[in-house]
Amino acid sequence: MSYQHTQKAPLGSLLIGGGIVVALTAWVLRVPEGPIGAVPAIVAAALVFTGLCFGRLTVRDGGDALEVRFGPLPLFRTRIPYAAAQRAEVSRSDLLDGWGVHWVPGRGVIYNLWGFGCVRIVLGKKTVRVGTDEPAALAAFLSSRIGPGASALG
């Protein structure tokens, strides 16, 4: 059994669009050159770059580990070894968890692109949550790879 799923969401397009709006606004308003004039260019570039990093989230079976990768620029990624996982269960994130990749106190690391469906993977004292628009399928796959005693609670 293998697994691969790519979730696409408007987050990347919204960020890229925001960068274009900032650049066009600066051009239309004829922002002066110099340090102040560089601010809109830096903001626009940061928005476009972030949009390219968070346009989609691919989760796939990497043989001995689950591979989680944002893209199309694959700068933010991780591998979660199946051998380190104790269980996987369907869960939900909330607005406080946000989107992207970050650590949330008391909840662990989250890799989330859009929406609130996720799979919570327990790795000893650590927890990793992987956002997905098909949490039941991902939890079932992970439970089959983690082995006996694994849970795919829903």
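Residues take their numbers from the sequence shown, with the count starting at 1.
- A salt bridge does not link Asp64 to Arg145: none of the charged nitrogens lies less than 4.0 Å from a carboxylate oxygen.
- Annotation: the span from Tyr111 atom OH to Leu57 atom CG amounts to 10.5 Å, rounded to 0.5 Å.
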Going through the distances and angles, do Arg107 and Thr127 end up as a side chain to side chain contact (heavy atoms under 4.5 Å, CB included)? CA-CA 7 Å; Arg107 299 181 189 193; Thr127 298; over 6 Å; no
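- Under the salt bridge (Lys or Arg N to Asp or Glu O under 4.0 Å) criterion, the residue pairs touching residues 129-140 are Asp97-Arg129, with sequence neighbours excluded.
- The two residues Cys53 and Leu75 have their closest heavy-atom pair at SG-CD1, 3.8 Å.
- Between atom CG of residue Leu24 and atom CD1 of residue Ile20 there is a gap of 7.0 Å, rounded to the nearest 0.5 Å.
- Looking only at side-chain heavy atoms (C-beta outward), Val59 and Leu66 come within less than 4.5 Å of each other.
- For Leu95, the CG atom sits in a loose shell: 12 or fewer heavy atoms of surrounding residues, nucleotides or ligands are nearer than 6.0 Å.
- Put simply, NE2 on His5 and CG on Leu138 are 9.0 Å apart, with the number rounded to the nearest 0.5 Å.
- Shown here are the side-chain contact (heavy atoms from CB on, under 4.5 Å) partners of Val122, two or more places apart in sequence or in another chain: Gln86, Arg87, Arg120.
- Atom CG of Leu15 sits about 6.0 Å away from atom CG of Leu47, to the nearest 0.5 Å.
- In the hydrophobic cluster analysis, where Ile, Leu, Val, Met, Phe, Trp and Tyr join through side-chain heavy atoms closer than 4.5 angstrom, Val21 is grouped apart from Val39.
- Counting only residues at least two apart or on different chains, the ring pair (Phe, Tyr, Trp, His ring centres under 6.0 Å) pairs with a member in residues 81-103 are Trp99-Trp114.
- Each side chain to side chain donor-acceptor pair (under 3.5 Å) pair with one or both residues in residues 65-75, not counting sequence neighbours, appears once here: Arg60-Glu67, Glu67-Arg79.
- Annotation: side-chain contact (heavy atoms from CB on, under 4.5 Å) contacts of Leu123 (sequence neighbours excluded): Ile80, Ala84, Ala85, Ile121, Lys126, Val128.
- Connection of Tyr3 to Leu113 is established within a shared hydrophobic cluster, with ILVMFWY side chains joined at heavy-atom distances below 4.5 Å, either directly or through further cluster members.
- Taking each heavy atom of Pro135 and Val119 in turn, the nearest pair found is O-CG2, 3.4 Å.
- Ile110 forms part of a hydrophobic cluster together with Val104, judged by ILVMFWY side-chain heavy-atom separations under 4.5 Å.
- Residues forming a side chain to side chain donor-acceptor pair (under 3.5 Å) with Thr50 (at least two apart in sequence, or on another chain): none.
- Listed by chain and number, the residues in a ring pair (Phe, Tyr, Trp, His ring centres under 6.0 Å) with Phe54 are Phe70, Phe76 (sequence neighbours excluded).
- Evaluation of the side chain to side chain donor-acceptor pair (under 3.5 Å) test over residues 8-28, restricted to residues two or more places apart or in two chains, returns none.
- Shown here are the ring pair (Phe, Tyr, Trp, His ring centres under 6.0 Å) partners of Phe49, two or more places apart in sequence or in another chain: there are none.
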Cys118 and Val130: side chain to side chain contact (heavy atoms under 4.5 Å, CB included), yes or no, with the steps? CA-CA 5 Å; Cys118 69; Val130 178; 5.9 Å; no
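- Across Gly115 and Ser93, no two heavy atoms sit closer than the pair O-OG, 3.8 Å.
- The side chain to side chain donor-acceptor pair (under 3.5 Å) search around Thr78 returns none, not counting sequence neighbours.
- Side chain of Ser143 to main chain of Ala140: no donor-acceptor pair is present (N/O by atom type, distance under 3.5 Å, no hydrogens or angles).
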